[in-house]
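This report refers to the structure that appears directly beneath it.
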Amino acid sequence: MDGSLQPEDVLELEEKPPQDLRSVLVTSVLNLEPLDKDLYRGSHHWVPSTQRLFGGQIVGQALVAAASSVSEQEHVHSLHCYFVRAGDPKVPVLYQVERTRDGRSFSVRSVKAVQHGVPILTCQASFHCSQESPLQHQFTMPTVPPPEELLTREELIYKYLKDPSLVEKHRLGLNKILAQDVPIEIKPINPPDMFHRLPQEPRQMFWVRAKGLLGNGSPGDMRLHCCVAAYISDYSFLGTALLPHLQLRMKFMASLDHSMWFHAPFRADEWMLYECESHWAGNSRGLVHGRLWRRDGVLAVTCAQEGVFRVKQDPPNSKL
């Protein structure tokens, strides 16, 4: 489409500063290579300990591809994704964009992420030209300590590692977490006690932001921040449903779908409060809802995700 932004336009700064402070999310993680009209390839993958592709990255890249086919005046207001297969971190992902509809106020794009000739994710994204309206309301942001008063996840882990009574299996697990080069910063509020495995309320809150700088005030900035928010929103989200069940041992867990609604402009490289809660779990599935709040109390994004949980069963005691 004439006048539309391509991924390299969305994810590239006009001037590189003397010291490259750009987020790795800009330079590689969400960077796509255009192959043809509405066809892109993603090659850089952040691989978590599960050795499967991180769902948030696939959602973020799918949104990059979709946003590249609409005008600068249109911004994503919602997306709905299904994870249909586990991603292979050893091969690139192809993103095929279908221009489902172009209307006067709304445009819809369908994106298929493909590996080995089959889809691993399907995504529907809707874009909207901003329209003022007197019909407005929102919930009130929770009252929490500011991020300046809290420790990052890494600082908390270093604090735990200094405890001489920490058992070896927990020490190994914490060091594995530190070894993951996660491109986002997290500051938990009332971090859960993961060592004593005591059941807790299915609710958690943490401040979150991208590491490094995103954008430079260009027209494509807002869509870039939305793509980064899609990446951020999947991190530690599904685990909220496990908090009442920490005494159980998980054999397998994975995201089934992911939905987002974008309400107000925001910067993903500034601290936002991520409020996560799980209202229901059962039948080997769990549902989580999340809200991303700006520091000034504006609700920026709402998220929802369902996942599958399979619990390790203890072998039955022999009666012989």
Legend entry - Hydrophobic cluster identity match, Leu94 and Leu30, side-chain contacts under 4.5 Å: no
Legend entry - Close side-chain approach of Gln200 to Pro244, heavy-atom, < 4.5 Å: no
Inset, instruction - Please report the closest heavy-atom contact between Gln96 and Leu39, naming both atoms and the distance. - result: CG-CD1, 3.7 Å
Inset, instruction - Keeping the roles fixed (side chain from Trp207, backbone from Pro145), state whether a donor-acceptor pair exists under 3.5 Å. - result: yes
Legend entry - Spacing of OG1 belonging to Thr122 relative to CG belonging to Asp257, to within rounding of 0.5 Å: 10.0 Å
Inset, instruction - Over all heavy atoms of both residues, which pair between Met222 and Pro265 is shortest? Give the atoms and the distance, please. - result: SD-CA, 3.8 Å
Inset, instruction - Check whether any side-chain heavy atom of Gln124 sits under 4.5 Å from a side-chain heavy atom of Thr100, and report yes or no. - result: yes
Inset, instruction - Check whether any side-chain heavy atom of Phe127 sits under 4.5 Å from a side-chain heavy atom of Gln73, and report yes or no. - result: no
Inset, instruction - Establish whether Val114 and Val111 are linked, either directly or via other cluster members, by ILVMFWY side-chain heavy-atom contacts under 4.5 Å. - result: no
Inset, instruction - Output the rest of the hydrophobic cluster of Leu135: all Ile, Leu, Val, Met, Phe, Trp and Tyr residues reachable through side-chain heavy-atom contacts under 4.5 Å, sorted by chain and number. - result: none
Legend entry - Under 4.5 Å side-chain linkage, directly or through intermediates, the cluster mates of Tyr82: Val84
Legend entry - Minimum-distance pair of heavy atoms, taken over all atoms of Pro188 and Ile186: CD-O, 3.7 Å
Inset, instruction - Supply the atom-to-atom distance His80 NE2 to Met260 CE, rounded to the nearest 0.5 angstrom. - result: 11.0 Å
Legend entry - Side-chain heavy atoms of Cys276 within contact of Met205, under 4.5 Å: no
Going by atom type alone, with no hydrogens or angles, which donor-acceptor pairs under 3.5 Å involve a side-chain atom of residues 280-287 and a protein atom two or more places apart or on another chain?
{"unit_1": "Arg285", "atom_1": "NE", "unit_2": "Glu306", "atom_2": "OE2", "d": "2.8"}

Legend entry - side-chain contact (heavy atoms from CB on, under 4.5 Å) partners of Ala241, counting only residues at least two apart: Ser278, Val288, Phe309
Inset, instruction - Can you measure from CG (Leu150) to CD1 (Ile189) and round to the nearest 0.5 angstrom? - result: 6.0 Å
Legend entry - Side-chain donor-acceptor pair present, Ser126, Ser78, cut-off under 3.5 Å: no
Inset, instruction - Considering non-hydrogen atoms only, spot the tightest contact between Phe262 and Ala229 and give its length. - result: CE2-CB, 4.5 Å
Inset, instruction - Verify whether one side chain among Glu185 and Thr152 offers a donor that lies under 3.5 Å from an acceptor in the other. - result: no
Inset, instruction - Identify the heavy atoms of Gln247 and Pro199 that sit nearest to each other, and give their distance. - result: OE1-CG, 3.7 Å
Inset, instruction - Supply the members, apart from Phe252, of the Ile/Leu/Val/Met/Phe/Trp/Tyr cluster built from side-chain contacts under 4.5 Å; use none for a lone residue. - result: Leu256, Val308
Inset, instruction - Would you please test Asp102 and Ser107 for side-chain hydrogen bond (donor to acceptor under 3.5 Å, both in side chains) and show each step? - result: CA-CA 4 Å; Asp102 285 310; Ser107 296; 3.2 Å; yes
Inset, instruction - Would you indicate whether Glu132, at its atom CD, is surrounded by more than 12 heavy atoms from other residues, nucleotides or ligands within a distance under 6.0 Å? - result: no
Legend entry - Trace of the salt bridge (charged side-chain N to carboxylate O under 4.0 Å, His left out) decision for Arg291 with Glu277: CA-CA 9 Å; Arg291 289 179 282 272; Glu277 51 193 5; 2.8 Å; yes
Inset, instruction - Examine the side chains of Thr302 and His263 and answer whether a donor and an acceptor come within less than 3.5 Å of each other. - result: yes
Legend entry - salt_bridge(Arg295, Glu148) N-O dist < 4.0 Å: yes
Legend entry - Phe54 with Ile184, same ILVMFWY side-chain cluster at under 4.5 Å: yes
Legend entry - Asp269 vs His225 side-chain heavy atoms within contact, under 4.5 Å: yes
Legend entry - Residues in side-chain contact (heavy atoms from CB on, under 4.5 Å) contact with His116, at least two apart in sequence or another chain: Asp88, Val91
Legend entry - Side chains of Met272 and Arg267 in contact at under 4.5 Å (non-hydrogen atoms): no
Legend entry - Check: His258/Gln305 side-chain N/O donor and acceptor closer than 3.5 Å: yes
Inset, instruction - Determine, using ring centers only, whether His128 and Phe106 are less than 6.0 Å apart. - result: yes
Inset, instruction - Indicate yes or no for a side-chain donor-acceptor contact from Lys187 to the backbone of Pro147 under 3.5 Å, with no hydrogens or angles considered. - result: yes
Inset, instruction - Let me see the working for Tyr231 and Val59 under side chain to side chain contact (heavy atoms under 4.5 Å, CB included), right down to the final yes or no. - result: CA-CA 7 Å; Tyr231 181 98; Val59 173; over 6 Å; no
Inset, instruction - Could you verify whether a donor N or O on one side chain and an acceptor N or O on the other, from Tyr95 and Gln61, lie under 3.5 Å apart? - result: yes
Legend entry - Heavy-atom side-chain proximity of Trp293 to Phe139 below 4.5 angstrom: yes
Inset, instruction - Assess whether atom CD of Glu201 is packed by more than 12 heavy atoms of other residues, nucleotides or ligands within 6.0 Å. - result: no
Inset, instruction - State, without any angle test, whether Ser69 and Arg99 hold a side-chain donor-acceptor pair at a distance under 3.5 Å. - result: no
Inset, instruction - Give a yes or no on whether Tyr274 and Val298 share a hydrophobic cluster (residues Ile, Leu, Val, Met, Phe, Trp, Tyr; joining criterion: side-chain heavy atoms under 4.5 Å apart). - result: no
Legend entry - Heavy-atom closest contact (Leu79 atom, Cys123 atom, distance): CB-SG, 4.4 Å
Inset, instruction - Indicate if Leu248 and Met253 have the same hydrophobic cluster label, given that clusters are the connected sets of ILVMFWY residues with side-chain heavy-atom separations under 4.5 angstrom. - result: yes
Legend entry - side chain to side chain contact (heavy atoms under 4.5 Å, CB included) between Tyr235 and Val208, worked out: CA-CA 10 Å; Tyr235 194 80; Val208 61; over 6 Å; no
Legend entry - Verdict with reasoning, Gln204 to Leu243, per side chain to side chain contact (heavy atoms under 4.5 Å, CB included): CA-CA 9 Å; Gln204 62 174 338; Leu243 293 177; 4.2 Å; yes
Legend entry - Close side-chain approach of Leu273 and Pro142, heavy atoms under 4.5 Å: yes
Inset, instruction - Give the intermediate values and the outcome of salt bridge (charged side-chain N to carboxylate O under 4.0 Å, His left out) for residues Glu275 and Arg203. - result: CA-CA 8 Å; Glu275 179 189 11; Arg203 189 168 190 256; 2.6 Å; yes
Inset, instruction - Tell me, with the steps shown, if Leu63 and Val76 meet side chain to side chain contact (heavy atoms under 4.5 Å, CB included). - result: CA-CA 9 Å; Leu63 183 53; Val76 63; 3.9 Å; yes
Legend entry - Euclidean distance, Glu74 CD relative to Ser130 OG, rounded to 0.5 Å: 12.0 Å
Inset, instruction - Rounded to the nearest 0.5 Å, what's the gap from NZ on Lys112 to OG on Ser110? Could you check? - result: 9.5 Å
